[in-house]
Amino acid sequence: MPKITKFKIGLCQLTVTSDKNMNLAHARNSIEAAAKQGASLVMLPEMWNCPFSTNYFEEFAEDFDDKDGCPSFSMLSEVALGNGITIVGGSMPERRKNQLHNTCCVFGPDGNLKAKYSKMHLFDVNLPGDISLKESDTFTAGDQPTIVDTDVGRIGIGICHDIRFPELGMLYRARGAHLICYPGAFNTSTGELLWELQQRARAADSQLYVATCSPSRDSEGSYVIWGHSTVVGPQSSKIVATSGHEETIVIAEIDYSETRQLREALPLEKQRRGDVYQFVDVHQQKP
Ligand SMILES: O=C(O)CCC(=O)C(=O)O
């Protein structure tokens with residue numbers, strides 16, 4: 001168990017514009033406001049510094065190794081240090097070698113980067129008359145599941161469409177996660193029916209806390225975002241706190257003793273029929 005087992009998480013459901021500097025200033029204010037409300041873990045949305053549109057990803061991308069050329073990365077590090085909090089930094093377009101990735105950076109209260117995760121399941125969809133998008137035209141998929149030990153527990157990271165893959169959630173459970181964070185930007189087509197369902201399903205099958213954070217809705221944009229940043233608890237997969245589609249900060253309490261109690265009462269790990277079927281972690285990293 002981590003040192004801290006009960007704490008507040010803040011989800012910054014941010015309005016994102018095509019002005020990058022404005023997005024950075026806005027995110028900084030929102031993280032600081034969440035910290036002032038007692039959050040020791042603050043999470044940002046998928047693509048918090050860049051509109052969710054293939055027209056912008058290249059222009060807004062940063063190379064995180066170029067210390068003079070990564071203002072978004074540097075701002076997150078500074079704010080984590082300045083407020084003594086852990087930040088799951090949503091996602092931003094990352095330029096690495098000649099490729100672009102949809103990447104989440106996690107910073108500790110000392111301002112250091114603790115982990116970096118690039119979205120593994122890119123959102124390629126073609127529902128005629130509804131939504132059509134090919135994220136893989138722009139981004140290259142990551143291939144490293146990422147779990148990070150922080151002051152507020154062991155956190156597994158996924159980004160948006162990754163939430164549809166129970167295998168990733170189960171892998172994080174197998175590696176000892178306490179919480180899975182999914183920065184996301186579901187849309188109004190798939191969001192209404194599936195966003196809450198997927199979050200509650202991942203919490204139910206992994207018996208873990210699940211937290212999601214989305215940008216707020218911009219109805220003028222080409223991609224209309226669903227919003228509804230949420231924290232789901234392990235007990236009955238209940239919604240601990242959620243939001244609508246407008247800009248807001250969701251503050252919720254996470255208490256890992258609930259996970260322990262649930263697992264004692266309903267020991268799915270012991271009931272699993274490993275003699276009949278097996279979950280395979282191909283990299284076999286143990287917690
Ligand atoms: O899986 C979905 O329905 C939505 C996923 C998505 O919007 C994304 O990955 O950006």
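Order of listing sets the numbers, starting from 1, for every ligand and every atom in it. In this text, all values refer to a predicted model and were calculated from it rather than measured experimentally.
- Remark: minimum distance from atom 9 (O) of ligand 1 to any protein heavy atom is reached at K119 NZ, 2.7 Å.
- Shown are F60, F186, Y223, F123; of these, the ring pair (Phe, Tyr, Trp, His ring centres under 6.0 Å) with F52 is made only by Y223.
- In terms of polar-atom proximity, E135 is not counted as a contact of ligand 1, lacking any N or O under 3.5 Å from an N or O of the ligand.
- At a heavy-atom distance under 4.0 Å, no atom of H121 approaches ligand 1.
- Not a single heavy atom of W195 sits closer than 4.0 Å to an atom of ligand 1.
- Expressed to the nearest 0.5 Å, how far NZ of K67 lies from OG of S77 amounts to 8.5 Å.
- With sequence neighbours excluded, the residues forming a salt bridge (Lys or Arg N to Asp or Glu O under 4.0 Å) with K116 are E94, listed by chain and number.
- At a heavy-atom cutoff of 4.0 Å, ligand 1 is contacted by no atom of Y182, backbone or side chain.
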Steps toward salt bridge (Lys or Arg N to Asp or Glu O under 4.0 Å) verdict (E59, K20): CA-CA 10 Å; E59 180 194 336; K20 188 171 174 184; over 6 Å; no
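- Side chains of R260 and T5: a donor-acceptor N/O pair is absent below 3.5 angstrom, by distance only.
- At least one heavy atom of E46 sits less than 4.0 Å from an atom of ligand 1.
- Every heavy atom of Q198 sits 4.0 Å or more from the atoms of ligand 1.
- Side chain to side chain, T103 and S118 meet the donor-acceptor criterion of an N or O pair below 3.5 Å.
- For ligand 1, the polar-atom distance check finds no N/O of C160 at less than 3.5 Å from any of the ligand's N/O atoms.
- Counting only heavy atoms of the protein, atom 7 (O) of ligand 1 lies nearest to Y223 OH, 2.5 Å.
- Looking at atom 4 (C) of ligand 1, its nearest protein heavy atom turns out to be F123 CZ, 3.4 Å.
- Checking E247 against H26 by side-chain atom types alone, a donor-acceptor pair falls below 3.5 Å.
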